[in-house]
Amino acid sequence: MLSFILIPLALLGGATLAVQSSVNGRLGAAVGILATAWLTFVVGSVISVLLVLFVQAPQDISLLAAPRWQMTGAFFGVFYIVAMVFSVPLIGIAAATVAVVAGQLTMGLLIDNFAWLGNQRIALDPQRWAAIVLLLGAIALIYLGNRKRETS
Amino acid sequence: MKQIFTLIIVFAAGMGLSVEAGLLGPLGETVGHMSATLCIFLVGGLLLSLALIFAPTRALPQLFSQPRWMLTGGVLGPVYVVIITTATPILGVGTTMVAILFGQIATGLLLDHFGAFGVPRQRVDRYRTGALFLIAIALFLIH
């Protein structure tokens, strides 16, 4: 039942990502990806502090009491940004997008299947394998579409 | 050879994005979704501050001379992170990522079509509508 709310919410999350990347794309072209990412994270920090202080209900466990390894998420996000800065000039945006999406989906399905990092287990059943085949097709189409736009 | 190596690095970077979501979900469950979001932006902001200080080119002076609307991209970041923190523990990382991908491509298509935010106008093309169609079925199967 909850997934009927959460899936549209995740779709909305993807939409915010697309809007953010077109605004940031313009900024990145003017000042570089690193400065753009820095601004995004600083603005994000400011807003998150306000949310924690004034919107979130008080929690039993504070952020500083959580295990340190759970706080390392941002290292992966920053690694992604730096990897893109260096790779896009070498392999092009089409190939880079495809590699990112493929990596993202592969790891997402693996984490679910093996219940890594304290997540619930969602096994790779035949339906998920069928979805993987469709996603491979989608990735191929995204590559072809980006390739066409890159060359035109 | 260098190309294949670069592709592997980018693939690993993509895997990292799912690891980030996989870490965020359980963290948000214990300390609150907004605190988990704060953790991402704070640590990320600190790391990038270090990177900026030592980067070969100085970009900050130019950054603040851009038109203000161009500086607003970051406002949406926390929305996105709060959503993945809330969704992953219940939907799983795989389903969340597929749903995000769909929203991202669909919106990208619309923004290109209308030429929003100064993006060059581009008509909806068959490749990306085809991709969207496949992702929609995959999303239906996966969750």
Side-chain angles (χ1 to χ4, degrees), chain A residues 6-7 10-11 13-18 20 22-24 27 31-32 35 38 40-45 47-48 51-52 56 59 61 63 66 70-71 73-74 76-80 83 87 90-91 96 99-100 103-104 107-109 111-112 117-118 122 127 131 134-135 137-138 141-142 144-145, chain B residues 6-7 10-11 13-20 22-24 26-27 30-32 34-35 37-45 47-48 52 59 62-63 70 73-74 76-80 83 87 92-94 96-97 99-100 103-104 107-108 111 117 119 127-128 130-131 134-135 138 141-142:
Chain A
L6 287 173
I7 287 183
L11 294 173
T16 66
L17 209 58
Q20 179 180 304
S22 27
V23 177
N24 277 355
L27 187 61
V31 302
W38 176 81
T40 304
F41 276 79
V42 170
V43 173
S45 304
I47 295 175
S48 319
L51 288 175
V52 169
Q56 181 170 265
Q59 303 285 317
I61 304 169
L63 181 59
Q70 284 195 330
M71 296 187 197
F76 297 95
V78 171
F79 175 68
Y80 162 76
S87 310
L90 289 174
I91 54 175
V100 166
Q104 217 174 342
M107 193 46 144
L109 293 167
I111 292 174
D112 284 347
L117 308 169
I122 306 172
Q127 282 204 344
L134 292 173
L135 290 168
L141 286 174
I142 294 170
L144 292 173
Chain B
T6 312
L7 271 175
V10 178
F11 183 82
M15 291 177 107
L17 292 182
S18 279
V19 173
E20 185 178 16
L23 286 165
L24 260 175
L27 180 64
T30 53
V31 303
M34 290 166 198
S35 298
T37 303
L38 170 64
C39 178
I40 286 292
F41 284 107
L42 198 62
V43 176
L47 288 174
L48 288 166
L52 264 192
Q62 289 111 286
L63 180 67
M70 273 201 212
L76 291 170
V79 178
Y80 169 73
I83 288 174
V93 184
T96 308
M97 288 303 171
I100 297 260
Q104 197 180 354
T107 311
L111 293 178
F117 307 111
V119 190
Y127 294 110
R128 284 190 295 168
L134 292 180
I135 297 169
L141 285 172
I142 209 170

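Chain letters run A, B, ... following the sequence lines, proteins first and then strands; every chain starts at 1. This is a predicted model, so every value here is computed, not measured.
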**Student:** Ignoring hydrogens, what is the shortest heavy-atom contact between A18(A) and T107(B)? Give both atom names and the distance.
**Tutor:**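 That would be CB-CB, 3.7 Å.
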**Student:** Is there a side-chain contact between I142(B) and I122(A) in this structure, where contact means two heavy atoms from C-beta onward sitting under 4.5 Å apart?
**Tutor:**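 No, too far: nothing below the 4.5 Å cut-off.
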**Student:** What distance do L63(A) atom CG and T30(B) atom OG1 have between them, rounded to the nearest 0.5 Å?
**Tutor:**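 Answer rounded to 0.5 Å: 8.5 Å.
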**Student:** How close do A99(A) and V10(B) get, heavy atom to heavy atom, and via which atoms?
**Tutor:**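 Minimum heavy-atom separation between A99(A) and V10(B): CB-CG1, 3.8 Å.
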**Student:** Walk me through it: do V31(B) and Q59(A) pass the test side-chain contact (heavy atoms from CB on, under 4.5 Å)?
**Tutor:** CA-CA 6 Å; V31(B) 303; Q59(A) 303 285 317; 5.6 Å; no
**Student:** Which atoms of Q104(A) are under 4.5 Å from chain B, going by heavy atoms: the side chain, the backbone, both sets, or neither?
**Tutor:**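 Its backbone and side chain both get close to chain B.
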**Student:** What's the spacing between T96(B) OG1 and D112(A) CG if we round to 0.5 Å?
**Tutor:**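 T96(B) atom OG1 to D112(A) atom CG measures 7.5 Å (nearest 0.5 Å).
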**Student:** Just wondering, do L27(A) and L63(B) contact through their side chains at under 4.5 Å, heavy atoms?
**Tutor:**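 Contact flag for L63(B)/L27(A) side chains = yes.
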**Student:** Quick one: of G44(A), G145(A), G118(A), who has the most non-hydrogen atom pairs under 4.5 Å with chain B?
**Tutor:**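 Winner by heavy-atom pair count: G44(A).
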**Student:** For V23(A) versus G73(B), what's the shortest heavy-atom pair and its separation?
**Tutor:**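 Closest pair (atom of V23(A), atom of G73(B), distance): CG1-N, 3.8 Å.
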**Student:** Specify which of G94(B), A59(B), G77(B), G45(B) makes the most heavy-atom pairs with chain A at under 4.5 Å.
**Tutor:**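 Most pairs with chain A among the choices: G94(B).
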**Student:** Check ring-ring contact (aromatic ring centres under 6.0 Å, His included) between Y80(B) and all other residues, then give those that pass, not counting sequence neighbours.
**Tutor:**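 Scan of Y80(B) (ring-ring contact (aromatic ring centres under 6.0 Å, His included), adjacent residues dropped) gives none.
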**Student:** Name the member of G16(B), S35(B), A13(B) that forms the most heavy-atom pairs with chain A at distances under 4.5 Å.
**Tutor:**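 Answer, by heavy-atom pair count under 4.5 Å with chain A: S35(B).
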**Student:** Highest number of heavy-atom pairs under 4.5 Å with chain A: which of L17(B), T6(B), I40(B), L7(B)?
**Tutor:**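 Between L17(B), T6(B), I40(B), L7(B), the count favours L17(B).
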**Student:** Would you name the heavy atoms of E20(B) and G73(A) that are closest together and state the gap between them?
**Tutor:**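 Closest pair (atom of E20(B), atom of G73(A), distance): CG-O, 3.3 Å.
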**Student:** Roughly how far, to the nearest 0.5 Å, is the CG atom of L23(B) from the CG atom of L117(A)?
**Tutor:**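 CG of L23(B) is found 5.0 Å from CG of L117(A).
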**Student:** If you round to the nearest 0.5 Å, how far is CZ of F11(B) from CE of M107(A)?
**Tutor:**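 Going from the CE atom of M107(A) to the CZ atom of F11(B) covers 9.0 Å.
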**Student:** Mind checking what makes side chain to side chain contact (heavy atoms under 4.5 Å, CB included) contact with I135(B), not counting sequence neighbours?
**Tutor:**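 Applying side chain to side chain contact (heavy atoms under 4.5 Å, CB included) to I135(B) gives L135(A), A138(A), V98(B), L101(B), F102(B), I105(B).
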**Student:** Find the one option among A83(A), A35(A), A15(A) whose heavy-atom pairs under 4.5 Å with chain B are most numerous.
**Tutor:**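 Counting heavy-atom pairs under 4.5 Å, the top option is A15(A).
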**Student:** Checking M70(B) against V31(A) for the side-chain contact (heavy atoms from CB on, under 4.5 Å) test, could you report, in this order, the C-alpha distance in whole Å, the side-chain angles of both residues, the deciding distance, and whether it holds?
**Tutor:** CA-CA 11 Å; M70(B) 273 201 212; V31(A) 302; over 6 Å; no
**Student:** If you compare all heavy atoms of V78(A) against all heavy atoms of L47(B), which two are closest, and at what distance to 0.1 Å?
**Tutor:**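 Heavy-atom minimum between the residues: CG2-CD1, 4.0 Å.
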**Student:** Taking all atoms of both residues into account, what is the closest heavy-atom pair of T37(B) and S48(A), and its distance?
**Tutor:**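 Reported closest heavy-atom pair: CG2-OG, 3.8 Å.
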**Student:** Find the distance between CD (Q104(B)) and CG (L11(A)) and round it off to the nearest 0.5 Å.
**Tutor:**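 The CD atom of Q104(B) sits 11.5 Å away from the CG atom of L11(A).
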**Student:** Using non-hydrogen atoms and a 4.5 Å limit, figure out which bit of L27(B) sits close to chain A: side chain, backbone, both or neither.
**Tutor:**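 Interface part for L27(B): both.
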**Student:** Chain B heavy atoms under 4.5 Å from I111(A): which part of the residue, side chain, backbone, both or neither?
**Tutor:**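 Only the side chain of I111(A) comes within 4.5 Å of chain B.
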